[in-house]
Amino acid sequence: MNPTVNHEVVRTRGGALAVRSVADGEIMHPGVGPLVEAQQLYVQQSRLAERLVAAPGETLVLFDVGLGAGSNAVAARAVSEAAPAGAARLELVSFERDLGALELALTHGAAFGLDGEAGQAARALISDGRHETPRTLWRLVRGELLESLAGERALADVVFWDPFSPRVNRQLWTIAAFAAVRRLAGPRCLLLTYSASTAVRVAM
């Protein structure tokens with residue numbers, strides 16, 4: 001498989017490297033770049049580190065909707081791996097239909113947080129559909145999202161909702177899409193997304 005067919009690496013306005021979908025014309029994390037945006041928008045706002053520490057002996061389930069180049073998942077996984085031994089274990093479920101962006105990001109390693117052990121985990125995810133450590137289970141659900149959610153059995157405690165925009169991926173920003181993930185939401189589930197669109201907020 002050649003990941004450069006449908007994706008390319010570009011430089012954002014802020015100077016960071018990011019992956020652009022050639023077919024859809026959209027850049028993943030176009031502003032401050034993938035590493036910073038993953039931390040600021042998803043990991044920090046979800047208070048993931050605090051939630052893991054607050055639930056010792058349990059498993060916290062995180063739905064990573066739109067794996068893309070892996071930035072959000074890798075950032076969440078890093079938090080889990082750094083958590084104290086008694087903290088909750090993280091089950092990280094990445095939903096994606098096209099692994100080309102992640103494959104391309106792996107060729108640029110550190111720019112996407114995919115150097116060292118994180119890169120090994122991502123390669124295992126691609127080849128085996130999962131990677132597991134004592135702290136973190138990372139598994140891949142590949143295919144169309146709504147079909148994948150229909151077959152999922154885990155209940156989410158946190159959802160990172162990060163598909164392409166409604167302009168190119170309208171079906172994932174509808175009432176039906178949010179209802180599908182709501183059926184799999186645990187009692188204290190928190191969903192985070194980058195969109196500030198009024199139409200999206202109404203659908204949510």
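Atom set for the values below is all heavy atoms of this structure, side chains included, hydrogens, waters and symmetry mates excluded.
- A 4.5 Å side-chain heavy-atom check between T12 and H29 finds every atom pair outside the cut-off.
- Under the 30°/60° scheme for interplanar angles, the aromatic rings of F178 and W161 are found to be tilted.
- Under the 4.5 Å side-chain heavy-atom criterion for grouping Ile, Leu, Val, Met, Phe, Trp and Tyr, V168 is connected to Y194 within one hydrophobic cluster.
- Summarising the geometry, atom CD belonging to E96 is positioned 8.0 Å from atom CG belonging to L140; distances are rounded to the nearest 0.5 Å.
- In summary, E152 and R139 engage in a salt bridge, as defined by a charged side-chain N under 4.0 Å from a carboxylate O.
- In this structure, L48 is not a member of the same hydrophobic cluster as L35, with clusters built from ILVMFWY side-chain heavy atoms closer than 4.5 Å.
- Listed by chain and number, the residues in a salt bridge (charged side-chain N to carboxylate O under 4.0 Å, His left out) with E58 amount to none (sequence neighbours excluded).
- The heavy-atom pair separating V74 from G113 by the smallest distance is CG1-O, 3.3 Å.
- Both L192 and L145 are assigned to one and the same hydrophobic cluster, defined by single-linkage of ILVMFWY side chains at heavy-atom distances under 4.5 Å.
- For residues 43-52, the set of pairs meeting the side chain to side chain donor-acceptor pair (under 3.5 Å) definition, not counting sequence neighbours, is empty.
- For D157 (side chain) and V61 (main-chain N/O), a donor-acceptor pair under 3.5 Å exists by modelled atom type.
- The 12-atom threshold is exceeded at CZ of R167, counting heavy atoms of other residues, nucleotides or ligands nearer than 6.0 Å.
- L60 and L137 end up in different hydrophobic clusters when Ile, Leu, Val, Met, Phe, Trp and Tyr side chains are linked at under 4.5 Å.
- Closest approach of L172 and P163 over heavy atoms only: CD1-CB, 3.8 Å.
- Rounded to the nearest 0.5 angstrom, W138 CH2 and L125 CG are separated by 5.0 Å.
- Of all the heavy atoms in V43 and A76, the pair that sits closest is CG2-N, 3.9 Å.
- In terms of heavy atoms, A124 sits closest to H131 at CB-CD2, 3.7 Å.
- With rounding to the nearest 0.5 angstrom, the CD1 atom of I27 is 11.5 Å from the CG atom of L17.
- Note that CG of L102 is 5.5 Å distant from CG of L67, once rounded to the nearest 0.5 Å.
- Remark: F160 engages Y42 in a ring-ring contact (aromatic ring centres under 6.0 Å, His included) (not counting sequence neighbours).
- Counting only heavy atoms from C-beta outward, the side chains of T107 and V9 never approach each other to under 4.5 Å.
- Electrostatic pairing of E132 and R89 counts as a salt bridge here, judged by a charged N lying under 4.0 Å from a carboxylate O.
- Every salt bridge (charged side-chain N to carboxylate O under 4.0 Å, His left out) that R20 has, sequence neighbours left out, goes to E8.
- Using modelled atom types, no side-chain atom of E26 and backbone atom of F164 make a donor-acceptor pair closer than 3.5 Å.
- The stretch residues 71-82 participates, sequence neighbours left out, in these side chain to side chain donor-acceptor pair (under 3.5 Å) pairs: N72-D162, R77-E117, S80-T136, E81-T133, E81-T136.
- The minimum heavy-atom distance linking A85 with R135 is given by the pair O-NH1, 4.0 Å.
- The line from CG of L149 to CZ of R182 is 13.5 Å long, rounded to the nearest 0.5 Å.
- A heavy-atom distance below 4.5 Å is found between the side chains of I126 and L106.
- Alongside V32, the hydrophobic cluster contains V36 (criterion: ILVMFWY side chains under 4.5 Å).
- For the atom pair H108 NE2 and L104 CG, the distance stands at 6.0 Å (nearest 0.5 Å).
- Here the closest heavy-atom approach between residue L114 and residue A69 is recorded as CD1-O, 3.7 Å.
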